[in-house]
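Side chains included, hydrogens not; waters and symmetry mates left out as well; all remaining heavy atoms used. Predicted model only: the values in this text are computed from it and were never measured.
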Amino acid sequence: MQLAQVILNGLLLGGLYAAMAAGFSLVWGVLNIINIAQGSAVVLGSYVAYFAWRYAGLNPLLAVALAGPLLFGAGWVLQRFLIQRVIAAPVLITLVFTFGMDLILNNTMISLFTADYRKIEGVFPTVPLHFGALTLPVDRLLAAAAGIGVAFGLHFYLHRSRLGRAIVAVRMDRQTAELMGVRVEIIYATTFGLGLAMAGVAGCLLAAIFPTSPLNSAYYLHIAFVACVLGGLGSVLGAVAGGLLLGVVESLGALFVGAEYGTTVAAVVLLLMLFTRPQGLLGRAGYE
Amino acid sequence: MTSRGRLAIAIAVIGGLACAGLPLILAGEPYLMRLVTMFSLLLVLAASWNIVGGFTGYPSFATGAFFGLGAYVAAILQAKGVDWRLALVAAGLAGGILAAPVGYGVLRLRGHYFAVASLMLGTILKELTTGWSDLTGGGMGLTIAGAGGDPEVLASFALRVSLALAVLTVLLGAAIKWSRLGFGLDCIRMNETAAAGIGVDAQRLKTYAFILSSIPSAVAGAVYAGWIGYIDPTDVYDVMWSVKPIVAVLLGGVGTILGPVVGAAIFVALEEIVWRNVLSFSAGGLGVLIVLLLLVLPAGVLPSLVSRKTRS
């Protein structure tokens, strides 16, 4: 029974990881860049939720409607006018570039908000739900459901809307899409905007449960990356699967190996995955 | 004499003079001694990163992992009473021994996958070091007894050792670049599939490069530990130890022999001049430097100068 509870906790955590990984995976798959600043963008989303709650009493799950568009705009502008200039450069250059952006964003947040942990309190009922012997905290359940819901929303946006189809087309074959009249630079900007918007949404959901600090950003980046590789690159549903799996693996790892080795367990799983099935659980081979 | 031979002799002579002369010239100038020691350690990391990141074209973020490993191996051995010279050698050996299987594994990955897998190495070592507190002191860190002596003697000592290590690492880079190994690495960087086609054993050569690059990094960590006198996992496994060398090489010129020297000098100068004045935004300042560098001078200082000369 303890095992079932641990797996359930992992799934609830994994719902949040899914939201974090979905945007990261989309940007990686379409633009072929790893956005090192994704973790800091998640923290920025958390701050939006925190200050909206602190000064306007807004529920952090509703702050999604604030953080999403805000980070979308920031991401669009960043991609269109800055990252676009190095987009064709080798992996090393784009990695170091987004690393530089991460340093700037993270250090700015530390300067403005300090590194102190801030927690949203008193929004959700503290009495958990009970299903037989299983315990289900209300805030975690709502946040995980919202995370998976938003990720599915992104998936359907990509597969149903006109702009979404254009993004998928660019991911599959940039040159052909260009020949069909798709403006690739605009698609890149939109995609990067969507990636940061997902980070902002994930940040709001995390802020509903966990304390917020710029110090969390490296861990969030790590999560997004591992979940993304587990699920398979360039597939939003893959990122959801990877996120849920990672949540369960981390919870089981904490139970059997010890909570202090959580990152190592996840990293070892990741390395095994990279060696045996680099295209991920649901992904297709060919993206590098 | 060939231009290669002249360059190698120039590096050895100037480096030797610097090793012999600078400690005497800088005696009684603790601030400058610290600065040159910082420069030398960064140069060691930059020149050794250049072997994998520059010559072979694999974007490694594992430098910090070997730096941290070297620091801990040396610190633990010295705490057990081992002589510092032996501790430095042991640190280098530990780096190489770890690099062999790790390199053989992660170098099968390419592009982003390789970059992040190499980054994970530092994260894993940091967590293991923190967890294994009986040996490593865990999050509390370790104090190295050698630092208990005269700070001036220690500073001069660290300066000489790090300078010598830097000269050796630059010479190692030159030796690799001009050897058959360097030629193979060149082929791998340009087109690995084609390299395999003409009979280059890519997997073996990449692993050699990775091992050769890890040894100086680990020794640099050992020198750092003895110099600072106190290490903890968040300090020596900081991802900055992986990123700063890359930025230095990007500044100077990727894949060149003197690029790391020029880049490390510019980097340390910028770090001192600019960030000393805005200490609370030092990481952000590095970020601004990175973004500007890649937008304005993507090829680095040395190749930009060279190409301007050849054009005119």
> Parallel under 30°, tilted from 30 to 60°, perpendicular over 60°: which one fits the rings of A:Phe51 and A:Tyr47?
Replying inline: parallel

> Going by atom types alone, do B:Ser217 and B:Ser48 pair a side-chain donor with an acceptor below 3.5 Å?
Replying inline: yes

> Would B:Tyr72 and B:Phe67 count as a close aromatic pair, with their ring centres under 6.0 Å?
Replying inline: no

Using residues 236-248 of chain A as the side-chain source, report each donor-acceptor pair under 3.5 Å to any protein atom, sequence neighbours left out, with the distance given to one decimal.
none

> Which region of A:Thr108, side chain (C-beta onward) or backbone (N, CA, C, O), has a non-hydrogen atom less than 4.5 Å from a non-hydrogen atom of chain B, or is it both or neither?
Replying inline: both

> Where on A:Phe225 is there a heavy atom nearer than 4.5 Å to chain B: the side chain, the backbone, both, or neither?
Replying inline: side chain

> Can you tell if the side chain of A:Leu215 reaches within under 4.5 Å of the side chain of A:Tyr117, non-hydrogen atoms only?
Replying inline: yes

> For B:Phe61, is it the side chain, the backbone, both, or neither that has a heavy atom closer than 4.5 Å to a heavy atom of chain A?
Replying inline: side chain

> Which region of A:Leu82, side chain (C-beta onward) or backbone (N, CA, C, O), has a non-hydrogen atom less than 4.5 Å from a non-hydrogen atom of chain B, or is it both or neither?
Replying inline: both

> With respect to chain B, which residue among A:Ile33, A:Leu95, A:Ile34 yields the maximal number of heavy-atom pairs within a distance under 4.5 Å?
Replying inline: A:Ile34

>> Given heavy-atom pairs under 4.5 angstrom as the criterion, report whether the side chain, backbone, both or neither of A:Val86 touches chain B.
In response: side chain

> Between the side chains of B:Glu127 and B:Tyr237, is a donor N or O closer than 3.5 angstrom to an acceptor N or O?
Replying inline: no

> In this structure, which one of A:Asn35, A:Ile187, A:Val30 forms a side chain to side chain contact (heavy atoms under 4.5 Å, CB included) with A:Phe192?
Replying inline: A:Asn35

> Using non-hydrogen atoms only, which part of A:Ile93 is less than 4.5 Å away from chain B: side chain, backbone, both, or neither?
Replying inline: both

>> What part of B:Leu294 gets within 4.5 angstrom of chain A, counting heavy atoms only: side chain, backbone, both, or neither?
In response: both

>> Shorter than 4.5 Å, heavy atoms on both sides: which option in B:Gly131, B:Ala115, B:Ser60, B:Gly53 has the most such pairs with chain A?
In response: B:Gly131

> With chain A, which of B:Ile124, B:Val116, B:Val106, B:Val239 has the greatest number of heavy-atom pairs at distances under 4.5 Å?
Replying inline: B:Val116

> Tell me, side chain or backbone of B:Val288 under 4.5 Å from chain A's heavy atoms, or both, or neither?
Replying inline: both

